[in-house]
Protein chains: 2
Amino acid sequence: MTTVIKNLQILSMEKENGSIKPPFAGNILIEGDKISYIGDKLPDYSKLAEEIDGSGMLAMPGLINAHTHAIMTLFRGWGDDMELMSWLEKRIWPIEDKLTDADAKAGAALAVAEMIKSGTTAFADMYMFCEQLAEVAANGGIRASIAAGISDNSMDKLPDIVDFACQYRGSADGLITTMLGPHAPFTCSKQSLTMIAAAGRRYNLPLHIHLAETLTEMEIIEERYECTPARLLADCGFFEGNKSLLAHGVYLSDEDMDLLTGKDLAIVHNPISNLKLASGIAPVAEMLDRGITVALGTDSACSNNNLDMFEEIKTAAIIAKVKDLDPTVIPAAEALGMAITGGAKALGLEDVGELKAGMKADLILIDLNKTHFAPEHDLLSHLVYAAHGDDVDTVIVNGQTLMRSRQLLTMDEEKIIAEANKTAKRLCYNK
Amino acid sequence: MTTVIKNLQILSMEKENGSIKPPFAGNILIEGDKISYIGDKLPDYSKLAEEIDGSGMLAMPGLINAHTHAIMTLFRGWGDDMELMSWLEKRIWPIEDKLTDADAKAGAALAVAEMIKSGTTAFADMYMFCEQLAEVAANGGIRASIAAGISDNSMDKLPDIVDFACQYRGSADGLITTMLGPHAPFTCSKQSLTMIAAAGRRYNLPLHIHLAETLTEMEIIEERYECTPARLLADCGFFEGNKSLLAHGVYLSDEDMDLLTGKDLAIVHNPISNLKLASGIAPVAEMLDRGITVALGTDSACSNNNLDMFEEIKTAAIIAKVKDLDPTVIPAAEALGMAITGGAKALGLEDVGELKAGMKADLILIDLNKTHFAPEHDLLSHLVYAAHGDDVDTVIVNGQTLMRSRQLLTMDEEKIIAEANKTAKRLCYNK
């Protein structure tokens with residue numbers, strides 16, 4: 001498949017003298033799953049190409065949601081403004097026990113559709129029903145890094161989980177990648193964490209774990225091991241010979257940051273979830289100053305309650321400023337970088353995150369013809385501080401067009417919404 | 001004009017046993033500028049009525065942006081991530097000196113168009129060029145409470161400002177109301193503040209002022225008067241015989257709150273601006289507990305950078321939780337109430353803020369047919385935690401339809417965007 005996009009603004013996210021290159025006018029040629037040309041001319045291309053008129057639009061790399069639980073989108077709004085334990089016990093656990101494969105697919109489809117509609121082209125997930133999620137993501141055409149969540153209760157399934165991860169990685173033309181998902185320092189024993197880290201090294205599977213999300217977690221780990229969760233993971237071998245994706249990192253001491261600096265890992269900052277659940281504000285500016293990779297995630301739709309990465313980008317930029325009482329902290333380009341370049345690193349996607357010849361064709365087109373994008377002082381600032389997911393007009397992943405003029409091409413949106421409503425009614429209200 | 005809207009969900013914002021009544025199915029009849037019927041039947045109505053099929057939509061009262069500087073939308077993205085003084089000196093003041101009446105109208109039109117498109121039906125403004133703003137708002141059909149900003153430099157204009165306020169209040173079928181706008185405790189002397197408060201009492205004009213926004217302001221007032229800004233305003237007579245709209249209130253001591261409790265005033269919380277400018281997080285939960293009216297505002301597009309009140313609602317709800325480390329603080333209904341009932345009180349609009357017979361027909365229709373509104377567990381939660389301004393399909397103010405199917409009916413969006421771009425180019429880049 002060849003696609004040509006003409007006459008648009010391009011924010012390539014390439015760096016030039018240490019800064020992101022400003023948007024420039026040009027054309028984009030996509031051949032197969034790759035970008036083959038970007039610039040103001042246009043080489044010859046197959047007559048069978050799909051042509052897109054990009055006038056009034058801006059192309060940028062797709063956004064990467066580096067921590068979510070897609071299937072839980074079924075529970076959006078099913079218990080807000082509650083204490084965590086009461087929400088889990090009264091709302092979530094009783095329903096999760098009833099989930100079928102079909103229910104999981106309904107939730108996954110809703111999440112994938114919403115992510116595509118708001119400009120996300122890749123996501124990292126931790127939950128159950130991994131085969132179902134992989135199938136839905138592959139059919140939808142989005143990139144997914146899938147990890148089965150593992151706690152002490154499910155350690156007996158570790159061999160199956162490793163089998164899934166080894167079998168599925170690289171499937172669906174490379175759209176699907178996998179990780180191992182030890183749930184959290186407080187739900188996995190030291191022995192479990194050590195075993196999972198060892199399996200990760202042996203099978204070359206990265207680790208996706210929740211880390212230092214709440215004060216309660218800090219207290220539990222301190223009481224159990226007299227150390228911090230980050231120190232515990234280091235002791236279990238997470239940062240030597242393993243790649244790690246560490247979700248949250250709200251509470252990291254200076255010693256923790258020393259531990260994490262220079263390692264092959266990424267912290268995934270989930271600003272909205274951390275605010276909504278009253279967890280805290282992660283010290284993102286300090287992590288970035290130390291050169292730690294920071295990506296952004298929505299967490300599940302239960303603690304957000306949408307999957308719109310543009311909201312995360314803006315929220316990450318503005319809460320960092322109030323945390324340090326300094327309006328110059330995390331400027332727009334840095335916030336956007338976390339959601340793109342940071343996300344690509346967190347997911348281990350080497351040929352994603354910049355628009356240039358040779359990279360995978362994962363890109364989105366933003367409709368600039370909106371009141372909130374005027375005047376055109378600074379498009380990058382507008383993308384960070386004024387944009388929403390609804391401003392995304394077109395989404396292309398791996399060379400395949402998944403959305404055009406806000407219409408999904410690989411998924412049936414109406415059917416997905418109806419199915420999600422039907423599933424939620426049965427699960428939550430026995431209707 | 002008679003308008004009938006059939007077969008939709010209605011969130012009236014009426015209270016029932018202390019809580020907001022859940023959305024119910026019904027029809028709405030609008031005659032002239034008022035709602036004449038809401039319910040599951042429908043009385044006879046004129047055959048000349050405009051009929052709207054509300055299937056798949058939810059009606060709710062329009063949102064009220066209780067603190068903004070509309071004309072400054074011209075400067076959106078013109079200097080982000082900067083220190084306040086450096087931004088004012090390098091970016092804003094040099095341009096403001098060059099603003100013409102036509103420029104002001106271009107900025108006002110951009111802001112009013114953006115507000116209508118994101119579901120705002122009334123706003124409170126403080127700036128210059130009040131006649132121009134009134135004209136644009138009246139032509140656009142939106143409600144505006146307009147205050148000329150006054151500082152010591154412009155006290156000689158107080159008589160003209162009072163004249164404007166008395167002449168324009170109630171104009172344009174009541175769409176336009178007015179206030180006096182003493183800029184801030186640190187830009188107006190004690191004498192100026194006292195004079196303006198006296199003028200407010202004499203001419204029955206409410207006061208719109210910035211209060212306790214930054215630590216710098218707290219230090220200046222402490223040094224100058226050995227008291228807090230709230231105490232200063234009390235000493236200048238702001239809270240006796242005056243109605244006041246106090247923007248920000250980020251730094252309020254217990255004694256300040258005692259001063260403000262039980263008075264005829266509203267605090268306008270601007271959560272996104274307070275985060276982006278690194279001002280701080282206002283103690284909103286405490287104010288609400290004391291029964292102080294709290295409304296929400298976007299502040300100007302320079303410190304936001306859009307005018308989407310749905311973002312303010314969500315941000316207000318989630319930052320209050322992290323401030324108190326308590327996820328149950330400011331639940332969804334309370335956050336929504338600030339943007340509607342709180343806003344109506346702040347602007348002194350007695351017949352706005354609920355959908356019921358006899359109230360002004362100021363309402364918006366939300367298109368529920370979106371992935372981020374599924375499953376339909378709790379529509380009120382979705383409006384607070386998942387919605388965006390782009391979900392607004394239809395806007396009606398004072399019985400007049402201003403937007404249908406996202407098309408503005410009283411303003412030319414394309415022309416407004418072009419004019420804003422042209423104006424900004426001339427002002428900021430001499431092009």
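As the structure is a computational prediction, the values presented were derived from the model and not from experiment. Letters A, B, ... are given to chains in the order of the sequence lines, protein chains preceding strands, and every chain is numbered from 1.
Neither the backbone nor the side chain of B:Asp324 comes within contact range of chain A; no heavy atom of the residue lies under 4.5 Å from a heavy atom of that chain. Heavy atoms closer than 4.5 Å to chain A are found in the backbone of B:Ser279, but not in its side chain. Contacts between B:His382 and chain A at a heavy-atom distance below 4.5 Å involve the side chain alone, from C-beta outward. At a 4.5 Å heavy-atom cutoff, the contact between B:Leu215 and chain A is made by side-chain atoms alone. For a residue to count as touching a neighbouring chain, one of its non-hydrogen atoms must lie under 4.5 Å from one of that chain's; by this rule A:Lys370 touches chain B with backbone and side chain alike. Proximity to chain A involves both the backbone and the side chain of B:Leu325, based on heavy atoms less than 4.5 angstrom apart. Both the backbone and the side chain of B:Asp390 come within less than 4.5 Å of a heavy atom of chain A. With a 4.5 Å cut-off on non-hydrogen atoms, A:Glu376 touches chain B through its backbone and its side chain both. For a residue to count as touching a neighbouring chain, one of its non-hydrogen atoms must lie under 4.5 Å from one of that chain's; by this rule B:Glu114 touches chain A with backbone and side chain alike.
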For this session: Step by step, work out the ring-ring contact (aromatic ring centres under 6.0 Å, His included) result for A:Tyr429 and B:His377.
Result: CA-CA 10 Å; A:Tyr429 316 94; B:His377 287 297; 5.8 Å; yes
Exercise. Which is it for B:Thr371 and A:Met115 under the side chain to side chain contact (heavy atoms under 4.5 Å, CB included) test, yes or no, and what are the steps along the way?
Worked result: CA-CA 9 Å; B:Thr371 51; A:Met115 285 194 269; over 6 Å; no
For this session: Carefully, step by step, assess A:Glu83 and B:Thr328 under the rule side chain to side chain contact (heavy atoms under 4.5 Å, CB included).
Result: CA-CA 7 Å; A:Glu83 293 285 355; B:Thr328 68; 4.2 Å; yes
For this session: Please step through side chain to side chain contact (heavy atoms under 4.5 Å, CB included) for the pair B:Glu311 and A:His388, ending with a clear verdict.
Result: CA-CA 10 Å; B:Glu311 281 193 14; A:His388 288 151; 2.8 Å; yes
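Side-chain N or O atoms of B:Arg76 include one that pairs as donor or acceptor with a backbone N or O of A:Ala374 at under 3.5 Å. Although no hydrogens or angles enter the test, the distance criterion places a donor-acceptor pair under 3.5 Å between the side chain of A:Asp81 and the main chain of B:Ala332.
If you tally non-hydrogen atom pairs under 4.5 Å between each of A:Ala387, A:Ala420, A:Ala418, A:Pro331 and chain B, the highest count goes to A:Pro331. Across B:Gly280, B:Ala113, B:Ala106, the residue that shares the most heavy-atom pairs under 4.5 angstrom with chain A is B:Gly280. For the set B:Asp308, B:Val384, B:Leu307, the entry with the most heavy-atom pairs within less than 4.5 Å of chain A is B:Asp308.
If you run side chain to side chain contact (heavy atoms under 4.5 Å, CB included) between A:Lys314 and each of B:Asn304, B:Asn305, B:Leu275, only B:Asn304 comes through.
Side-chain contact between A:Tyr385 and B:Asn306: absent, with no pair of heavy atoms (C-beta onward) separated by less than 4.5 Å. For the pair B:Val322/A:Asn274, no side-chain contact is recorded, criterion being any heavy-atom separation below 4.5 Å from C-beta on.
Residues B:Pro375 and A:Leu110 approach most closely at CD-CD2, 3.8 Å, considering heavy atoms. Shown here for B:Ile318 and A:Ile272, the closest heavy-atom pair between the two residues is CD1-CG2, 3.9 Å.
Other residues, nucleotides and ligands contribute more than 12 heavy atoms inside 6.0 Å of the NZ atom of B:Lys98. Applying the 6.0 Å contact sphere to NZ of A:Lys321 captures more than 12 heavy atoms from other residues, nucleotides or ligands.
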